[in-house]
Amino acid sequence: MSAWGWLRRIGTWARVAGKVAGGTAVAVVAVFLTVLGCGVFLGGVEGLREASTVAERGRSADGIILEKKKVKGPPQAGTIERIKVRFTMVDGTSHQFWSVGDAKVGDTVRVHYVPGRPETASTRSVASNRFGHGLLVFAGLGLMILIPLLVLTPVWESLRDRRRAMRRRSATK
């Protein structure tokens, strides 16, 4: 085999290896985004469940802002103000939690919670929590459905085109 033949063969293998590497990278990213979408979806469903529990069995209490700090948020949001809130449950136990908010230290805010579950405490309304978690559900569904479709559609089209070409070749023989 001539030198050009070897170069052509190496070029063909390099092209195949590039397609395999590119396809593998796309598949890995697609699987990652799909799994991420599943996590976002499940987090949204759990948040909706928790918001419904607060709506059904929840209580409200006045909380006091103990501390305020600014935290670096996403690049488009800049800094986010967080507040530390202390409130007392119906059973008399006092609890503290951090939340997003812009109240001043010493201000009183309304806290919504489920008795016996201080981790459900929030300064946002049930409607606000439901809306936010509903958005997470839709975003998660979007990732779980659209990413595989975006990746698989070109694969299906390529396979369809190959089948058509093979049929044409066999019909002309």
Side-chain angles (χ1 to χ4, degrees), residues 18-157:
K19 287 181 179 182
V20 168
T24 302
V26 167
V28 166
V29 170
V31 167
F32 172 76
L33 289 175
T34 304
V35 170
L36 178 70
C38 185
V40 169
F41 173 78
L42 293 175
V45 168
E46 181 60 32
L48 285 173
R49 187 177 300 128
E50 191 171 283
S52 293
T53 303
V54 171
E56 292 170 9
R57 299 185 318 223
R59 300 276 195 273
S60 294
D62 287 334
I64 298 173
I65 309 300
L66 301 175
E67 191 179 332
K68 184 176 182 176
K69 67 179 176 180
K70 292 186 178 192
V71 182
K72 186 178 179 183
Q76 65 273 18
T79 59
I80 299 171
E81 292 186 353
R82 299 197 33 96
I83 53 175
K84 187 176 188 178
V85 182
R86 181 181 66 219
F87 72 103
T88 304
M89 287 189 163
V90 175
D91 64 4
T93 58
S94 180
H95 299 277
Q96 299 177 8
F97 68 98
W98 284 94
S99 180
V100 176
D102 60 353
K104 298 175 188 164
V105 173
D107 282 355
T108 302
V109 293
R110 201 74 179 143
V111 176
H112 310 284
Y113 67 95
V114 175
R117 293 183 52 209
E119 70 276 5
T120 62
S122 175
T123 58
R124 297 183 309 188
S125 69
V126 172
S128 173
N129 284 336
R130 282 183 174 163
F131 180 76
H133 292 296
L135 286 178
L136 288 177
V137 167
F138 282 116
L141 277 173
L143 284 172
M144 288 177 4
I145 294 169
L146 292 178
I147 295 298
L149 283 177
L150 288 173
V151 170
L152 293 176
T153 299
V155 171
W156 288 325
E157 289 176 357

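Owing to the predicted nature of the structure, the values given are computational and were not obtained by experimental measurement.
- Side-chain contact check for V137 versus V45: some heavy-atom pair is nearer than 4.5 Å.
- Contact record, I145 with P148: O-CD, 3.5 Å, taken as the closest heavy-atom pair.
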Item to check | Trace of the side chain to side chain contact (heavy atoms under 4.5 Å, CB included) decision for E56 with T53 | outcome: CA-CA 5 Å; E56 292 170 9; T53 303; 5.5 Å; no
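- In plain terms, the two heavy atoms of N129 and A51 that are nearest each other are CB-CB, 4.2 Å.
- Separation of atoms NZ (K69) and CD1 (I83) is listed at 12.5 Å; rounding is to 0.5 Å.
- The backbone N or O of R117 sits less than 3.5 Å from a side-chain atom of T120, completing a donor-acceptor pair.
- In this structure the side chain of W98 reaches within 4.5 angstrom of the side chain of E67, judged on heavy atoms.
- Scanning all heavy atoms of the two residues, the minimum distance from G63 to V85 falls at CA-CG1, 4.0 Å.
- V126 and A55 get closest at one heavy-atom pair: CG1-CB, 3.7 Å.
- A 4.5 Å side-chain heavy-atom check between S99 and R82 finds every atom pair outside the cut-off.
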Identify each donor-acceptor pair in which a side-chain atom of residues 23-40 lies under 3.5 Å from a protein atom, sequence neighbours left out, and give them as a table.
from : atom 1 : to  : atom 2 : distance (Å)
T24  : OG1    : V20 : O      : 2.7
T34  : OG1    : A30 : O      : 2.7

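- Within the structure, every pair that satisfies the ring-ring contact (aromatic ring centres under 6.0 Å, His included) test and touches residues 100-129, not counting sequence neighbours, is listed here: F87-Y113.
- In this structure, CD1 on I64 lies 11.0 Å from CD on Q96, to the nearest 0.5 angstrom.
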Item to check | Derivation and outcome, side chain to side chain contact (heavy atoms under 4.5 Å, CB included), residues K84 and I65 | outcome: CA-CA 6 Å; K84 187 176 188 178; I65 309 300; over 6 Å; no
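- Between V54 and S122 the shortest side-chain heavy-atom distance does not fall below 4.5 Å.
- In this structure, the separation between CG on L152 and CD1 on I147 is 11.0 Å, given to the nearest 0.5 Å.
- Looking at residues two or more places apart in sequence or on another chain, you find no side chain to side chain donor-acceptor pair (under 3.5 Å) involving R57.
- Every residue meeting the side chain to side chain donor-acceptor pair (under 3.5 Å) condition with E81, not counting sequence neighbours, appears here in chain and number order: K68.
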Checklist entry - Given the rule in the side chain to side chain contact (heavy atoms under 4.5 Å, CB included) test, do F41 and L143 qualify, once you have shown the distances and angles that lead to the verdict? => result CA-CA 9 Å; F41 173 78; L143 284 172; over 6 Å; no
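- At a threshold of 4.5 Å between non-hydrogen side-chain atoms, the residues M89 and P115 do not count as touching.
- Around atom CG of D91, more than 12 heavy atoms belonging to other residues, nucleotides or ligands sit under 6.0 Å away.
- Under the salt bridge (charged side-chain N to carboxylate O under 4.0 Å, His left out) criterion, R49 pairs with E46, sequence neighbours left out.
- In this structure, the side chains of V71 and T79 stay at 4.5 Å or more apart for every pair of heavy atoms.
- Contact annotation: the side chain of V105 never approaches that of L66 to less than 4.5 Å [non-hydrogen atoms, C-beta and beyond].
- Counting all heavy atoms, side chain and backbone alike, G134 lies closest to L48 at N-CD2, 3.9 Å.
- Looking at R110 and T123, their side chains never come closer than 4.5 Å, going by heavy atoms from C-beta outward.
- For R59, there are no side chain to side chain donor-acceptor pair (under 3.5 Å) partners at least two apart in sequence or on another chain.
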Checklist entry - So R130 and S125, side chain to side chain contact (heavy atoms under 4.5 Å, CB included) or not? Walk me through it. => result CA-CA 9 Å; R130 282 183 174 163; S125 69; over 6 Å; no
